[in-house]
Amino acid sequence: MVLGNILAAENESLKQCFTKKTGAKIMNVKSNNFSDLSSRGAVINWFESLFESVWNQREENAAGITLGGMVPLYGEKIAAMETFCRLLWGVFPVISSGEDHPIDVKAIFRIIAQGTDPASPAYWGDVTDFDQRSVEMAVFGCGLMLSAQQFKQHLSALERQRLIAWLNQIREVKLPKNNWSFFPIMIETGLCLAGDNYSKETIEQHFTLLDSYYLGDGWYSDGENRPRDYYNAMALHYYGLIYSTVMRDKDPERCAILRQRATVFAHDFIYMFDQSGSAIPFGRSLTYRFAQAAFWSAAAFAGLDSVPLGIIKGIILRNLRWWLQQDMCDSRGVMTVGYSYSNPLIAEDYNAPGSPYWACKAFLILALGEEHPFWLCQEQPLPQRETTRSMPHAGHIVHDDKINHHHYLLNAGQFPAKNYNNSESKYGKFAYSSLLGFNLERSRYGIELNACDSSLLFSEFDGYYRGRLNSQRTKTASDRIFTQWFPWPDVEVNSWLMPLDAGHLRIHIIQSGRALESVEGGFPLPVSMPNEHRFDPAEGCVISDKFQLYSSIKDISPDVTRHSDLVLSPPGSNIIFPCSSGVPVLRKNLLPGRTLLASLVNAGQGEFKRHNLKPEIVLEKEKISINVENKTFNLFI
């Protein structure tokens with residue numbers, strides 16, 4: 001059987017399995033000739049179906065596309081412009097390839113001409129400080145890089161002049177000091193390659209800022225002391241790889257630096273994906289969905305050779321297939337705000353109805369023609385990887401738990417400086433799973449609404465809970481993560497997370513000046529019906545026979561005994577599963593003073609196997625010694 005048929009058969013089997021498990025509907029627009037996503041033709045057909053579903057919502061004489069729903073702070077008109085511009089991240093690669101496509105290029109450029117004409121009622125408007133329009137401008141820089149001839153062909157000299165004048169406004173306005181610095185770089189680079197006047201000084205100024213955010217080993221923070229999350233991949237390295245490709249002859253030293261950083265980053269980032277194509281969800285802006293794979297598309301575009309091309313191809317296509325199986329589109333075929341299904345809880349305050357279409361960044365591979373080695377090479381599985389991968393700059397240890405068939409990361413916790421929606425859920429949990437996702441907080445009151453999965457929460461017996469929001473100190477080593485945090489000024493928590501052969505070990509030393517209720521949760525499990533799960537309190541394990549999944553948290557504290565319980569969170573709490581979530585928890589009321597809590601945490605798929613580990617834990621004045629799995633951990637307090 002040829003590779004394409006094998007992939008098609010596997011994909012159909014996955015679809016049937018997913019539909020049976022979750023009841024999710026598979027997007028059905030145009031036809032299913034893109035369902036296997038094993039060829040350029042299939043990928044371009046899928047992009048065209050996504051594009052057409054949005055394109056059909058446009059109104060005559062409008063320079064944007066209004067999708068309805070929530071209205072962001074920047075208003076409906078700019079939100080409509082955002083929708084249009086984000087589609088262009090797929091349109092420009094398609095039209096730059098020189099190969100056949102059904103996109104109405106003239107209509108696309110008519111909208112661009114209208115939107116950049118100050119005399120037009122559809123004018124996008126003058127750009128101001130910290131303006132969303134500065135974000136959306138960047139795609140025109142990319143378009144000028146990829147297909148400058150199309151701009152000359154479809155815009156008159158006057159229209160092109162107006163476009164350039166509108167783009168040049170970004171030189172005069174203030175931008176946040178983060179990944180936004182790449183937007184003027186993209187614009188100036190596009191102007192440079194199109195033969196127009198550009199500002200080299202602007203490029204240098206913003207690269208200086210970006211260099212100040214570089215942490216080493218391929219990792220940036222998204223601004224000074226800001227998050228380390230998917231923006232590394234889908235923004236900072238994505239734009240850097242495009243620049244390093246198109247400016248290689250004009251700025252060779254800078255391009256070499258950008259490629260070297262991306263090369264190192266690739267060896268960490270490959271661990272964020274599991275064998276099915278699912279990526280570990282973490283951090284903000286998860287509604288951009290398959291922008292998770294955009295880094296690999298840029299790596300293929302740039303010819304980055306630190307990872308074999310067949311492996312890159314496999315990561316991208318498996319991720320796109322995984323997303324194709326999700327219920328992420330409404331009845332119009334338009335992507336909703338959410339993750340695997342429509343869920344406004346996951347939205348950021350800067351998200352609009354068209355925001356998810358930044359996912360189109362992943363379609364940069366469509367700039368590569370049918371005869372490019374990317375499309376001709378054989379798709380390969382993930383390479384043999386270490387069981388654990390420590391990423392100190394991100395504060396992660398990724399664990400590929402082959403015993404439980406579970407791919408997840410342990411997390412030191414990040415405080416993203418800006419209070420993003422559900423920041424504690426997106427950045428502060430102990431663990432994040434590609435298989436089980438994570439839960440979002442619905443309310444501070446009541447443990448069921450508090451997203452207690454992979455967290456240690458405390459209350460003063462009043463139903464209001466606090467967890468790890470900001471870590472005062474962290475250290476990520478090769479085999480453990482340490483974090484110190486203070487839910488109250490007089491409550492100090494020192495936590496250690498250690499991956500084992502199966503699951504992971506959690507140790508907490510709590511020094512409290514007050515009496516507290518404590519609740520510690522394991523991974524969340526989908527629970528679609530009241531009687532479709534089993535809970536074993538002796539093992540602290542919830543089991544779903546329907547989904548063939550399990551999650552357990554077992555108390556092994558040496559001096560206290562915690563009560564095992566099951567918390568049911570409401571539908572829409574979990575970002576992957578739309579049904580309710582069952583979270584196994586350990587409960588204990590704590591007196592003032594010092595308390596040591598310890599647990600073994602497991603989750604995975606298949607049949608739950610009881611783990612009979614009995615770690616030896618010895619608490620001394622300034623040290624905890626743990627003997628487990630023929631290993632000794634010495635934890636210094």
Side-chain angles (χ1 to χ4, degrees), residues 395 411-417 419 422-431 439-475 481-497 505-522 537 540 553-567 569 583-601 617-624 626 635-637:
N411 175 45
Q414 298 183 24
F415 182 64
N419 186 25
N422 255 304
S423 282
E424 196 170 322
S425 296
K426 294 171 181 174
Y427 288 98
K429 294 181 186 290
F430 297 135
N439 286 2
L440 297 166
E441 181 184 295
R442 307 287 291 273
S443 170
R444 281 284 169 183
Y445 184 77
I447 194 63
E448 296 82 4
L449 303 178
N450 249 270
C452 61
D453 59 295
S454 300
S455 301
L456 175 60
L457 303 180
F458 301 97
S459 83
E460 295 185 284
F461 307 98
D462 57 1
Y464 289 93
Y465 291 86
R466 298 189 187 191
R468 183 178 67 172
L469 176 62
N470 188 11
S471 298
Q472 297 298 312
R473 292 193 298 131
T474 68
K475 184 175 181 180
I481 287 175
F482 165 75
T483 177
Q484 180 192 59
W485 48 289
F486 292 82
W488 285 267
D490 64 343
V491 179
E492 175 185 336
V493 184
N494 290 298
S495 298
W496 291 265
L497 312 172
L505 175 66
R506 296 186 199 161
I507 302 289
H508 309 287
I509 290 286
I510 302 154
Q511 186 70 47
S512 178
R514 61 185 73 193
L516 293 169
E517 174 198 7
S518 73
V519 181
E520 183 173 8
I553 180 168
K554 188 172 183 178
D555 184 44
I556 53 169
S557 305
D559 300 319
V560 301
T561 300
R562 288 188 281 178
H563 170 63
S564 181
D565 198 3
L566 177 65
V567 170
S569 296
V583 181
V585 300
L586 299 172
R587 295 178 180 266
K588 182 68 179 178
N589 294 340
L590 308 178
L591 296 173
R594 186 166 78 161
T595 307
L596 186 155
L597 301 178
S599 59
L600 289 169
V601 183
I617 302 174
V618 179
L619 173 60
E620 301 174 13
K621 185 176 181 181
E622 296 181 350
K623 186 178 79 170
I624 307 169
I626 305 166
L635 312 179
F636 296 93
I637 305 170

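Everything quoted here is computed from the prediction, not taken from an experiment. These numbers come from the heavy atoms of this one structure, side chains and all, not from hydrogens, waters or symmetry mates.
Rounded to the nearest 0.5 angstrom, F458 CZ and N589 CG are separated by 12.0 Å. One finds the CG atom of L590 at 4.0 Å from the OG atom of S518 (value rounded to the nearest 0.5 Å). Note that CG of L597 and CG of L586 are 9.0 Å apart. Values are rounded to the nearest 0.5 Å. Atom NZ in K621 sits 9.0 Å away from atom CZ in R594 (nearest 0.5 Å). If you take NZ on K475 and OG1 on T483, they are separated by 13.5 Å, rounding to the nearest 0.5 Å. In this structure, the separation between OG on S454 and CG on N439 is 9.0 Å, given to the nearest 0.5 Å.
Listed here is the closest heavy atom pair of V601 and G522: CG1-CA, 4.3 Å. In plain terms, the two heavy atoms of I481 and G395 that are nearest each other are CD1-O, 3.7 Å. Considering all non-hydrogen atoms of both residues, G413 and T474 come closest at O-CG2, 4.5 Å. Contact detail for W485 and G467: the closest heavy-atom pair is CZ3-C, 3.5 Å. Closest of all the heavy-atom pairs between P584 and I553 is O-CG2, 3.3 Å. The shortest heavy-atom contact between C452 and I447 is CB-CD1, 3.9 Å.
By the 30° and 60° cut-offs, the orientation of the rings of W496 relative to F482 is tilted.
With hydrogens and angles disregarded, a donor-acceptor distance shorter than 3.5 Å links the side chain of S443 to the backbone of Y445. Under the 3.5 Å distance criterion, the side-chain polar atoms of S564 are matched with a main-chain donor or acceptor of P537. The closest donor-acceptor contact from the side chain of D559 to the backbone of T595 lies at 3.5 Å or more, if one exists at all. Distance alone, capped at 3.5 Å, is enough to place a donor-acceptor pair between the S557 side chain and the A598 backbone. In this structure a side-chain-to-backbone donor-acceptor pair under 3.5 Å is present from S471 to A412. Remark: side-chain polar atoms of D555 are paired, donor with acceptor, to backbone N or O of R562 under 3.5 angstrom.
Using a 4.5 Å heavy-atom threshold, the side chains of I509 and L619 count as touching. Side-chain contact between F415 and L469: present, with at least one pair of heavy atoms (C-beta onward) separated by less than 4.5 Å. Side-chain atoms of V491 and I510, non-hydrogen and from C-beta on, do get closer than 4.5 Å to each other. No side-chain heavy atom of I637 sits under 4.5 Å from any side-chain heavy atom of Q511. Annotation: side chain of L516 is in contact with side chain of W488 (closest heavy-atom distance under 4.5 Å).
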Given side chain to side chain contact (heavy atoms under 4.5 Å, CB included), test L505 with I556 step by step and report yes or no. CA-CA 10 Å; L505 175 66; I556 53 169; 3.4 Å; yes
Check the pair Y465, S459 against side chain to side chain contact (heavy atoms under 4.5 Å, CB included), reporting the backbone distance first and the verdict last. CA-CA 5 Å; Y465 291 86; S459 83; 3.7 Å; yes
List the steps and the verdict of side chain to side chain contact (heavy atoms under 4.5 Å, CB included) for I617 and I507. CA-CA 10 Å; I617 302 174; I507 302 289; 4.2 Å; yes
With side chain to side chain contact (heavy atoms under 4.5 Å, CB included) as the test, would you mind laying out the steps for S512 and D490 before giving the verdict? CA-CA 6 Å; S512 178; D490 64 343; 5.9 Å; no
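R468 meets the salt bridge (Lys or Arg N to Asp or Glu O under 4.0 Å) test with no other residue; sequence neighbours excluded. Under the rule for a salt bridge (Lys or Arg N to Asp or Glu O under 4.0 Å), the partners of R587 that lie at least two apart in sequence or sit in another chain are E517, D565. Residues passing the salt bridge (Lys or Arg N to Asp or Glu O under 4.0 Å) test with R466, sequence neighbours excluded: none. Among residues two or more places apart in sequence or in another chain, the side-chain contact (heavy atoms from CB on, under 4.5 Å) test is passed with E622 by none. Checked against side-chain contact (heavy atoms from CB on, under 4.5 Å), P592 has the following partners two or more places apart in sequence or in another chain: A515.
Applying the salt bridge (Lys or Arg N to Asp or Glu O under 4.0 Å) test to pairs two or more places apart or on separate chains, those with a residue in residues 444-465 are E424-R444, K429-D453, E441-R444, E460-R514.
Under the side-chain contact (heavy atoms from CB on, under 4.5 Å) test applied with V585, the options L566, L457, V567 reduce to a single match, V567.
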